[in-house]
Amino acid sequence: MSNLFSSLGWLPMALIILVAVAIVLAVFFSASGIIRYIPNDRIGVVEKLWSSSGSVKAGLLALHGEAGLQPDLRRGGFHFFAPFQFRVHIHPMVSVTQGKIGYVFARDGIDLPAGQTLADNAKVEDFRDVRSFLEGGGQKGPQRKILREGTHIINPALFVVMTEEATYSLSLDAKEKAYYEQMRGVLDERSGFTPVVLKEVAGTHDSDQLAIVTVQDGPGLPKDELLAPDVGDSHNSFQEPEKFLAASGLRGRQERVLVEGTYYINRLFATVELIKKTIIPVGYVGVVVSYTGRKGSDLSGKEYSHGELVESGCRGVWRDPLMPGKYAFNTYAGKIELVPTTNFVLMWKSGESGSSFDNNLREITLITKDAFEPQLPLSVVVHIDYRKAPMVVQRFGNVAQLVEQTLDPMVSSYFKNVSQTKTFIELIQSRSELQTNASADMKERFQAYSLEFQEVLIGTPKPQPGDTKIENIMAQLRDRQIAREQVETFAQKQIAADKERELNEAEQRAAKQKELTGSLVDISIKENQGSANVKAAEKKRQEIEALAHAEKFKQEMEGSGRASAIKSVGEAEASAIKAKSEALQGEGADKQLMQTVMLRLAEAFETSKVPLVPQIQMGGGGDTNAFNTLLSLMGSLKAGELAQTLKHDETPRA
């Protein structure tokens with residue numbers, strides 16, 4: 001066993017030697033640069049340390065095999081080089097994030113000519129081929145072409161690529177670092193690493209916006225031009241600078257604007273300013289005053305002598321106004337004056353406004369015929385024909401200047417002239433008449449200014465601050481009116497009281513209507529019964545009257561017969577009595593007379609059907625009655641006189 005180990009003792013020594021040799025070779029290969037490994041996500045920039053062709057005579061890169069930085073890159077894997085001749089600089093690939101922009105700066109190439117801001121990429125636009133770029137006339141400095149999203153294999157020895165996240169370059173000195181940091185600041189200020197996104201989102205700050213583009217490269221604007229004219233659509237909305245310049249695009253603020261969309265614009269070539277779209281609301285038209293455009297012909301007509309009206313697209317006031325809507329109008333190219341087409345109110349009253357055009361109007365100070373100085377508030381309703389709106393703008397500039405410089409002096413002067421012909425009381429009492437006359441007088445005056453006068457509304461004159469005389473007069477007028485109103489009130493109260501009484505009577509009558517109806521029916525019934533009773537009584541009367549006539553006739557007939565009989569009997573009895581009297585004269589004349597009287601009385605009572613003893617007693621106390629009295633009376637008469645009386649009584653009955 002020991003022999004075996006002794007025979008193998010050389011192996012550890014051999015391994016040590018092999019390792020040492022390997023280390024020496026590795027150091028040698030590393031130092032000499034014979035073999036170099038490049039990761040697949042990296043690139044290798046080859047630097048030639050020496051060459052038989054010598055060093056680079058001009059430029060930054062060695063295009064013809066000279067010593068220096070080589071134009072060709074090495075990709076991932078193992079690469080073999082001649083020992084001690086090459087050095088490989090491993091760098092990351094250029095990566096531009098999705099939706100972002102990358103900027104390319106060439107460190108070598110042709111110098112930019114005077115007046116040119118960015119390098120021309122019309123002929124050389126492939127940054128991957130360094131040799132073609134430099135030999136094809138590529139210019140140094142910031143390039144017009146930008147990099148879009150993705151990974152780009154670009155030689156960092158020639159190109160400095162700036163993205164939002166990083167700056168890709170090779171061995172920058174302190175001065176270059178300062179320059180590129182400054183450029184990054186410019187791009188950050190212009191939001192240069194993000195595209196221009198315009199979208200309409202309701203309720204957000206970015207809604208209803210448009211972009212004004214200012215080109216920083218190309219030929220300058222000619223004299224007296226404010227904006228660069230539109231050169232068409234070939235440049236894809238300023239996203240292709242070379243095509244824009246090829247179409248004769250000019251440096252400066254552009255007349256053409258950008259609307260909704262996404263635009264990948266090189267912010268070193270063109271800056272973008274976001275402004276609001278112009279909205280012309282309903283009830284208005286927009287009169288365009290253009291600052292740019294070609295010279296146009298006057299379309300206002302011979303009768304209009306206040307300036308020129310030109311067709312759309314020309315410099316000046318456009319004849320045709322813009323109708324209500326939303327417009328992507330470049331506010332640097334002109335302005336839009338809003339002119340109301342509906343009736344608007346101008347109020348001459350402090351602290352109140354009927355529109356946006358009367359903020360500086362105040363009450364009109366008048367001087368009346370009786371030297372009062374009231375202030376008159378009023379309102380005027382005005383209308384502007386939309387077809388005449390450009391004339392109003394051409395003549396006055398805008399509606400506000402029309403109101404302040406023309407309408408205010410005209411209206412004030414009119415009412416001051418009228419007030420001097422009236423006293424203060426007349427001014428108050430004739431307000432309606434004054435309003436009617438003012439409407440008729442001012443209509444023609446407004447037409448001279450291309451306006452349509454609709455109506456004037458006059459308020460109540462009021463005193464100036466500190467003036468108490470007008471207030472005293474107003475107080476007196478109020479007292480008079482209060483007195484008149486009180487008289488009228490009393491009269492109305494009296495009428496109301498009468499009406500209330502009538503109402504109460506009606507209510508009471510209505511409440512007692514049932515009873516009233518019943519009583520009326522009862523009255524009617526009683527009237528009918530009374531009428532029936534009257535008719536019955538009338539019939540009864542007629543019946544009684546007939547019976548009475550019959551009875552009378554009967555009695556007359558009976559009386560007449562009885563009288564005749566009594567007469568005959570009387571005459572016979574008279575003769576008998578006379579005979580008896582003569583016969584009895586001697587012995588009992590009084591007694592005979594009494595018998596005769598009693599006989600006649602009995603006949604009389606029988607004929608008249610009078611009761612012999614009366615039902616009603618007459619006289620005072622005792623049993624005295626008429627019959628006894630009569631007997632007494634008859635007893636006291638002389639027999640001769642009674643006989644004579646009876647004789648006379650019997651004669652008529654016969």
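Just so you know, these numbers come straight off a predicted model, no measurement behind them.
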Show your reasoning for whether side-chain hydrogen bond (donor to acceptor under 3.5 Å, both in side chains) applies to Ser350 and Glu363. CA-CA 7 Å; Ser350 301; Glu363 292 87 350; 2.7 Å; yes

Between Arg294 and Glu311, is the closest basic N to carboxylate O distance under 4.0 Å? yes

Side-chain (Thr151) to main-chain (Ser95) donor-acceptor, under 3.5 angstrom: no

State, to 0.1 Å, how close Leu221 and Ala228 come at their nearest heavy-atom pair, and which atoms those are. CD2-CA, 3.4 Å

Does the distance from a Lys or Arg side-chain N to an Asp or Glu carboxylate O, for Arg267 and Glu189, drop under 4.0 Å? no

Heavy-atom pair of closest approach, residues Pro461 and Phe424: CB-CE1, 4.1 Å

Determine whether Glu165 and Lys100 satisfy the following criterion, salt bridge (Lys or Arg N to Asp or Glu O under 4.0 Å), listing intermediate values before the conclusion. CA-CA 10 Å; Glu165 295 82 8; Lys100 299 295 182 178; over 6 Å; no

Within a strict 4.5 Å, meaning less than it, do heavy atoms of the Glu404 and Phe396 side chains meet? no

Backbone of Val381 reached by a side-chain donor or acceptor of Glu455 within 3.5 Å: no

Between Asn121 and Gln143, is any side-chain donor less than 3.5 angstrom from a side-chain acceptor? yes

Can you name the nearest heavy-atom pair linking Tyr264 to Gly99, along with the distance? OH-CA, 3.9 Å

With side chain to side chain contact (heavy atoms under 4.5 Å, CB included) as the test, would you mind laying out the steps for Met162 and Leu187 before giving the verdict? CA-CA 10 Å; Met162 191 177 297; Leu187 290 173; 4.0 Å; yes

Atom pair CD (Glu240) and CD1 (Ile146), whose distance is rounded to the nearest 0.5 Å: 10.0 Å

Any chance CD1 of Ile367 has more than 12 other-residue heavy atoms, nucleotides or ligands included, within less than 6.0 Å? no

So, do Leu147 and Phe127 sit near enough that their side-chain heavy atoms are less than 4.5 Å apart? yes

Backbone N or O of Asn236 within a donor-acceptor pair of the Gln239 side chain at under 3.5 Å? yes

Which heavy atom of Thr460 sits nearest to which heavy atom of Pro377, and what is that distance? O-CD, 3.3 Å

His383 (side chain) donor-acceptor with Leu451 (main chain) under 3.5 angstrom: no

Short side-chain to backbone donor-acceptor contact, Glu444 and Met442, under 3.5 Å: no

Would Leu268 and Arg190 count as a side chain to side chain contact (heavy atoms under 4.5 Å, CB included) if you check the C-alpha gap in whole Å, the side-chain angles of each, and the deciding distance to 0.1 Å? CA-CA 9 Å; Leu268 298 177; Arg190 300 177 182 179; 4.1 Å; yes

Looking only at atom types and distance, does a side-chain atom of Arg256 sit under 3.5 Å from a main-chain N or O of Phe238, one as donor and one as acceptor? no

Salt-bridge test for Lys369 and Glu426: reply yes if a basic N is under 4.0 Å from a carboxylate O, no otherwise. no

CA sep, side-chain torsions, deciding dist, call: Glu225, Arg315, salt bridge (Lys or Arg N to Asp or Glu O under 4.0 Å): CA-CA 11 Å; Glu225 290 293 338; Arg315 182 175 303 189; 3.7 Å; yes

Minimum heavy-atom distance Pro340-Val399, with the two atoms named: CD-CG2, 4.0 Å

Can a donor-acceptor pair be found, under 3.5 Å and without considering hydrogens, that links the side chain of Ser413 to the backbone of Met410? no

Around atom CD of Glu125, are there more than 12 heavy atoms of other residues, nucleotides or ligands at under 6.0 Å? no

Are any side-chain N or O atoms of Arg251 and backbone N or O atoms of Gly220, one a donor and one an acceptor, separated by less than 3.5 Å? no

Partner of Glu242 under side-chain hydrogen bond (donor to acceptor under 3.5 Å, both in side chains), chosen from His235, Lys123, Arg144: Arg144

Measuring only between side-chain heavy atoms, which start at C-beta, is Thr331 closer than 4.5 Å to Ile275? yes

If we ignore angles and hydrogens, is there a donor and acceptor under 3.5 Å between the side chains of Gln216 and Thr271? yes

Donor-acceptor check, side chain of Ser419 to backbone of Lys416, threshold 3.5 angstrom: yes or no? yes

Does atom NZ of Lys349 have more than 12 heavy-atom neighbours from other groups under 6.0 Å away? no

Using 30° and 60° as the class limits, which term best fits the ring planes of Tyr179 and Phe105: parallel, tilted or perpendicular? perpendicular

Using a 4.5 Å cut-off on heavy atoms from C-beta on, say whether the side chain of Tyr414 contacts that of Asp441. yes

How about Arg478: does its CZ atom have over 12 heavy atoms from other parts shown lying under 6.0 Å from it? yes

Is Asp385 close to Glu452 at the side-chain level, that is, under 4.5 Å between some pair of heavy atoms? yes

For the atom pair CG (Leu366) and CD (Gln464), what is the distance rounded to the nearest 0.5 Å? 9.5 Å

Rounded at 0.5 Å granularity, tell me how far CD1 in Ile280 sits from CG in Leu338. 6.5 Å

Can you check whether Arg148 reaches Val96 side chain to side chain, under 4.5 Å on heavy atoms? no

Keeping the roles fixed (side chain from Tyr168, backbone from Ile154), state whether a donor-acceptor pair exists under 3.5 Å. no

Nearest heavy-atom contact between Gln139 and Leu112 is OE1-CD2, 3.3 Å

Checking side chain to side chain contact (heavy atoms under 4.5 Å, CB included) for the pair Val456/Phe415: CA distance, chi angles, key distance, verdict? CA-CA 11 Å; Val456 60; Phe415 284 98; 4.0 Å; yes

Can you tell me which residue among Lys276, Lys277, Lys326 is in a salt bridge (Lys or Arg N to Asp or Glu O under 4.0 Å) with Asp208? Lys326

Testing Leu457, Asp358, Leu361 one by one against Ser379 for a side-chain contact (heavy atoms from CB on, under 4.5 Å), which residue passes? Leu457

Reported CZ-to-CG distance for the pair Arg253 and Leu227, which is rounded to 0.5 angstrom: 7.0 Å

Side-chain donor-acceptor pair under 3.5 Å between Ser450 and Arg395, yes or no? no

Begin from the C-alpha positions of Phe446 and Val380 and carry the test side chain to side chain contact (heavy atoms under 4.5 Å, CB included) through to its verdict. CA-CA 11 Å; Phe446 274 62; Val380 176; 4.1 Å; yes

I'd like to check Phe453 versus Arg445 (side-chain heavy atoms, cut-off strictly below 4.5 Å). Are they in contact? no

Between CZ on residue Phe193 and OH on residue Tyr103, distance to nearest 0.5 Å: 7.0 Å

Is the shortest heavy-atom distance from the side chain of Asn360 to the side chain of Asp408 under 4.5 Å? no

d(Leu322 CG, Tyr386 OH) to nearest 0.5 Å is 13.0 Å

